[in-house]
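For reference, the structure discussed in these notes is given below.
Everything numeric here is computed off the predicted structure, so don't read it as measured data.
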Amino acid sequence: MSNYSDTPPLSSAPLAHPVPHQGVAQFINPGGLVNNNMSMGSIQDDGKLYSLVIDLMSTDTREGALLELSKKREQCEDLALILWHSFGVMPALLQEIVSVYPMLSPPNLTAHVSNRVCNALALLQCVASHTDTRQLFLNAHIPLFLYPFLNTTSKTRPFEYLRLTSLGVIGALVKQNDNNTVIHFLLSTEIIPLCLRIMETGSELSKTVAIFIVQKILLDETGLTYICHTYERFYAVGTVLSNMVNQLVETQAVRLLKHVVRCYLRLSDNLRAREALRACLPEPLRDQTFSALLKGDMVTKRCLTTLLNNLNEP
């Protein structure tokens, strides 16, 4: 424990300044002129898409538009750009999210309301995933609007669905390779405790997304240094990972095991954490408890072997 110092402040480097909004007109042919290479079917599809985006502006038509647009988000590459740069659309999506807050405590979220807000979250995930809107999304601090959902503890399906969809938005942010700004933002807003709680108490799917987020944070040098800098942080993460290993002995959830092994392996890259892991690595990872589960997964087996080799080094 003596190797761990007091908590250092995160770098105070400011996030990049957001780019001013641009009108949605740039995504539509000026004057409504039709390109000869465009099929009539494509024009009609675009017209339906823009009509749905406009429907988001009215509370009377928003629910249906949320549902239809959430279905189309994989089909339209520029949907994120259209959503972000269309006047009033992002406030409309945030209005959907904020309107649910009173139902979080005491927990009385219905399946219908949960589905509706999750459709709004799906559109936010679309914006968070796109390379041209991800930084703008982050600069606007929109992830903070999702934290109350991650902080809920009710195990009912509407709440579990809400947490899982919210985690999907955060997961979309960290999924990119060059994400130091994202990691800095998440660490400075205390995402780790929220993920750790879900890793302990959530459904298997929610646990998988939550540990994926923690793993991506650890893979970044800033994230690894942050978690390993104090004993308290390392202990919090290590305790949850250890509890997960003990649960995996019973559940045999191979997807979770892959992420757990990778988190431990990354922690072992830090010298102080490696020293601590020599004493606290769960026994099921040291013996052959998971050998049958990992029989066909050579990548994870290699990660586990590398982890044990790291801990055995003098």
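- For the atom pair NZ (K72) and SG (C126), the distance works out to 13.0 Å, reported to the nearest 0.5 Å.
- No single ILVMFWY cluster, assembled from side-chain heavy atoms under 4.5 Å apart, contains both V182 and L219.
- When every heavy atom of A65 is checked against every heavy atom of L56, the shortest pair comes out as CB-CD2, 3.8 Å.
- Panel note: side chain K258, backbone L294; no donor-acceptor pair is recorded below 3.5 Å.
- Between E160 and R163 there is a salt bridge, since a side-chain N of the basic residue sits under 4.0 Å from a carboxylate O of the acidic one.
- By the 4.5 Å heavy-atom criterion applied to side chains, E68 and K48 are not counted as neighbours.
- Of the possible polar contacts, none joining the S242 side chain to the G238 backbone as a donor-acceptor pair under 3.5 Å is found.
- Here the straight-line distance linking atom CD of E63 with atom NE2 of H112 works out to 3.5 Å at 0.5 Å rounding.
- Between the OH atom in Y264 and the CG atom in L307 there is a gap of 9.0 Å [rounded to 0.5 Å].
- Residues L136 and L79 fall within the same hydrophobic cluster, defined by Ile, Leu, Val, Met, Phe, Trp and Tyr side chains chained together at heavy-atom separations under 4.5 Å.
- Within 6.0 Å of atom OH in Y235, 12 or fewer heavy atoms from other residues, nucleotides or ligands are found, so the atom counts as exposed in its surroundings.
- Each of I97, V169, L121 was evaluated against F145; a single residue qualifies, I97, per the side-chain contact (heavy atoms from CB on, under 4.5 Å) test.
- Side-chain atoms of V100 and L104, non-hydrogen and from C-beta on, do get closer than 4.5 Å to each other.
- Using a distance-only test at 3.5 Å, with no hydrogens or angles considered, a donor-acceptor pair links the side chain of T305 to the main chain of K301.
- Between L164 and S203, every side-chain heavy-atom pair lies at or beyond the 4.5 Å cut-off.
- The closest side-chain donor-acceptor pair between N139 and Q135 falls under 3.5 angstrom.
- Shortest non-hydrogen contact noted between L109 and V113 is CD1-CG1, 3.5 Å.
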For a side chain to side chain contact (heavy atoms under 4.5 Å, CB included) check, start with the C-alpha distance between L124 and L146, then their side-chain angles and the critical distance, and finish with the verdict. CA-CA 10 Å; L124 290 185; L146 279 54; 4.2 Å; yes
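- In this structure, the side chain of S70 engages the main chain of L67 through a donor-acceptor pair within 3.5 Å.
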Please report the C-alpha distance between V260 and F290 in whole Å, then the side-chain angles of each, then the deciding distance to 0.1 Å, and finally whether the side chain to side chain contact (heavy atoms under 4.5 Å, CB included) criterion is met. CA-CA 12 Å; V260 169; F290 298 115; over 6 Å; no
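- At a threshold of 4.5 Å between non-hydrogen side-chain atoms, the residues T189 and P143 do not count as touching.
- The CD1 atom of I170 sits 12.0 Å away from the OG1 atom of T165 when rounded to the nearest 0.5 Å.
- When all heavy atoms of Q125 and A172 are compared, the pair lying nearest together is CG-CB, 3.8 Å.
- Residues V254 and L256 share a hydrophobic cluster, clusters being chains of Ile/Leu/Val/Met/Phe/Trp/Tyr side chains in contact below 4.5 Å.
- Within a 6.0 Å sphere centred on CZ of R157, heavy atoms belonging to other residues, nucleotides or ligands number 12 at most.
- No side-chain donor-acceptor contact under 3.5 Å links S58 to the backbone of D55.
- Cluster annotation: Y226 and V174 are assigned to the same hydrophobic cluster (Ile/Leu/Val/Met/Phe/Trp/Tyr, side-chain heavy-atom contacts under 4.5 Å, transitive).
- Nearest heavy atom pair, residue A273 against residue N270, reads N-OD1, 3.0 Å.
- Between L267 and L241, the closest side-chain pair of non-hydrogen atoms falls below 4.5 Å.
- Checked against S268 for a side chain to side chain donor-acceptor pair (under 3.5 Å), the options N309, T306, N310 give a single hit: N310.
- Note that SG of C228 is 8.5 Å distant from CZ of R266, once rounded to the nearest 0.5 Å.
- The shortest distance between side-chain heavy atoms of I191 and Y147 falls below 4.5 Å.
- Under the 4.5 Å side-chain heavy-atom criterion for grouping Ile, Leu, Val, Met, Phe, Trp and Tyr, L281 is not connected to L271 through any hydrophobic cluster.
- Note: L173 CG to I183 CD1 = 9.5 Å, rounded to the nearest 0.5 Å.
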Side chain to side chain contact (heavy atoms under 4.5 Å, CB included) between M244 and I211, worked out: CA-CA 10 Å; M244 292 183 76; I211 195 174; 4.0 Å; yes
Check step by step if side chain to side chain contact (heavy atoms under 4.5 Å, CB included) holds for R255 and E204. CA-CA 9 Å; R255 285 188 306 176; E204 181 183 329; 3.7 Å; yes
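- Side chains of T152 and S154: no donor on one and acceptor on the other come within 3.5 Å.
- In summary, the side chains of Q95 and R62 do present a donor paired with an acceptor at a separation below 3.5 Å, with no hydrogens or angles considered.
- Residues E275 and R272 are not paired through a salt bridge, judged by the lack of any N-O separation under 4.0 Å between the basic side chain and the carboxylate.
- No side-chain heavy atom of I217 sits less than 4.5 Å from a side-chain heavy atom of T222.
- In this structure a side-chain-to-backbone donor-acceptor pair under 3.5 Å is missing from R274 to L311.
- Counting all heavy atoms, side chain and backbone alike, S291 lies closest to Q288 at OG-O, 2.9 Å.
- Put simply, the side chain of F212 does not reach to within 4.5 Å of the side chain of T208, judged on heavy atoms.
- Across every non-hydrogen atom of I198 and K207, the tightest pair is O-CG, 3.4 Å.
- With respect to the salt-bridge test (charged N to carboxylate O, under 4.0 angstrom), the residues E200 and R197 do not qualify.
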